[in-house]
> 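Structure provided below as structure tokens; questions to follow.
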Amino acid sequence: MIVLGIETSCDETSVAVIKDDTLTANFISSQHFHKNFGGVVPELSSRAHLQIINPLVKSALEKSSISLNDIDVISATAGPGLIGALLVGLTYAKGLALSLNKKFIAVNHIEGHIFSGFLMEEKPEFPILVLVVSGGHTLLLLVKSFTEIYKLGSTVDDAAGEAFDKVSKLLGLGYPGGPKIQKAAEQGDAGRIIFPIAELKEPYNFSFSGLKTSVLRYVQQQGGIEKIDSQHKSDIAAAFQLAVVKALTQKMKKALENFDVNSISIVGGVAANSLLKEKSIELAEKFRKKIVIPRLEFCGDNAAMIAFRAKTLFEYGITHKLDYKPYPALDEHSFLSL
């Protein structure tokens, strides 16, 4: 079986091909020009997707040594994401499916991330405790199978990745925030400042708005960002990063104490953070659990995870009609088990 996957939910255009159980192509085109604006500009993102999607599909087919007619299933991200960006990939995929008379599958972007660990050589084993950490979402999930996904908790305000972006902008480090904060933190003293970690009534929920505000107040107390030298900025970045990682791993620890799982998987863009990886591995060793963290190529938005998720859905007999609509928010479209 050959599956074509297309991902255009935000500022990466990606096309992938899976032949049977082998990923034969995974092209990712990142829209770096958004750095000039301090964040993603939706209209510009959609235009960039339009310009590059067809060349990427051609490249993926060529690398996989297949033609369009060889494809069995055509899939694309349906949401959540920027609605204009989603429309580009979803409409392109529908057009191909219609013209070629192929099966079509609309993929939940977060479900793509959830199962991205299966793209690795060493795969997670069900049941899995999955932490999804990205620019738009922070979720703690109990995943029992490819069709059983149970939400334990989520962020009540900002996502972890969003907090990284906003604090990075506040410190004048630039966009995207995750890599910028991590780089600055490498030269910083995380113990110089103690930022708070939110305590919530719900045991597995997260909150990063208060942490973000604490960083802002601290900067203001120092007389503003212009009064803070580069070393002090690095200390702030390190302290902030540590607080985020502690907030994430504390909830994971609580879940491991209360649920019997075989594996842990950390997925999404923030999964690339070295401190989060380090602390998560320590946690897995403490609880004697297998841990799978996708390599960098599969942490951010990519079509390989979309093609893989489409493959598993197809194997369970799930396909979609061509009138399937995109959805910008996760709340509007649940997982298979939620």
Side-chain angles (χ1 to χ4, degrees), residues 7 9-10 12 77-81 107-120 123-124 126-165 176-178 200 202-208 244-245 247-256 259 261 263-273 275-277 279-281 283-284 289 291-302 304-306 308-309 312 327-338:
E7 156 63 30
S9 65
C10 191
E12 266 88 30
T77 301
V107 176
N108 182 312
H109 178 80
I110 303 302
E111 286 186 14
H113 277 304
I114 290 168
F115 298 108
S116 59
F118 286 88
L119 294 167
M120 303 296 288
K123 305 180 190 313
F126 296 115
I128 315 164
L129 179 68
V130 178
L131 176 67
V132 181
V133 271
S134 67
H137 301 87
T138 304
L139 296 158
L140 191 60
L141 307 164
L142 178 62
V143 181
K144 294 188 175 181
S145 72
F146 285 122
T147 58
E148 294 177 279
I149 304 168
Y150 300 97
K151 185 173 77 170
L152 302 180
S154 62
T155 181
V156 299
D157 41 56
D158 293 345
E162 182 183 356
F164 269 100
D165 285 340
L200 303 172
E202 298 81 1
Y204 305 113
N205 277 357
F206 306 91
S207 172
F208 297 103
V244 171
V245 170
L248 295 170
T249 53
Q250 283 177 4
K251 302 296 182 176
M252 289 169 60
K253 179 177 181 291
K254 189 169 291 187
L256 288 169
F259 294 95
V261 299
S263 304
I264 302 168
S265 193
I266 317 297
V267 302
V270 183
N273 181 273
L275 184 63
L276 178 58
K277 285 183 181 180
K279 297 301 181 185
S280 298
I281 290 170
L283 193 62
K289 304 295 182 184
I291 184 165
V292 177
I293 302 173
R295 63 176 182 264
L296 188 60
E297 177 186 3
F298 304 129
C299 283
D301 295 345
N302 67 91
M305 68 182 191
I306 302 304
F308 179 81
R309 182 54 177 156
T312 61
Y327 47 95
L330 188 61
D331 290 345
E332 295 176 12
H333 208 88
S334 64
F335 297 126
L336 284 176
S337 299
L338 295 181

> Tell me, do D301 and S9 make a side-chain contact under 4.5 Å, heavy atoms counted?
yes

> Tell me every residue that passes side-chain hydrogen bond (donor to acceptor under 3.5 Å, both in side chains) with S116, counting only those two or more places apart in sequence or in another chain.
none

> I need the minimum non-hydrogen distance between N108 and I110, along with the two atoms involved.
OD1-N, 2.8 Å

> Measuring only between side-chain heavy atoms, which start at C-beta, is L283 closer than 4.5 Å to L256?
yes

> Is the shortest side-chain heavy-atom distance between S280 and M252 below 4.5 Å?
yes

> Can you give me the closest heavy-atom contact between S207 and D157, atom names plus distance?
OG-OD2, 2.6 Å

> Please determine whether the number of non-hydrogen atoms from other residues, nucleotides or ligands lying under 6.0 Å from atom CG of L296 exceeds 12.
no

> When you compare the side chain of T138 with that of S154, does any pair of heavy atoms fall below 4.5 Å?
no

> Answer whether the closest heavy-atom distance between the side chains of L330 and L139 falls below 4.5 Å.
yes

> What closest approach, in Å, do N302 and M305 show between heavy atoms, and which atom pair accounts for it?
OD1-N, 2.9 Å

> Mind checking what makes salt bridge (charged side-chain N to carboxylate O under 4.0 Å, His left out) contact with E297, not counting sequence neighbours?
R295

> Taking all heavy atoms of H137 and all of A159, pick out the closest pair and write down the distance.
N-CB, 3.4 Å

> For D158 versus F208, what's the shortest heavy-atom pair and its separation?
O-CD1, 3.4 Å

> Do K144 and Y150 meet the cation-pi criteria used here (NZ or CZ under 6.0 Å from the six-membered ring centre, within 45° of the axis)?
yes

> Angle between ring planes, F146 versus F118, binned at 30° and 60°: parallel, tilted or perpendicular?
tilted

> Can you check whether R309's main-chain N or O pairs, donor with acceptor, with T312's side chain at less than 3.5 Å?
yes

> Return the minimal non-hydrogen interatomic distance between K151 and L141, and the atom names on each side.
CA-CD2, 3.6 Å

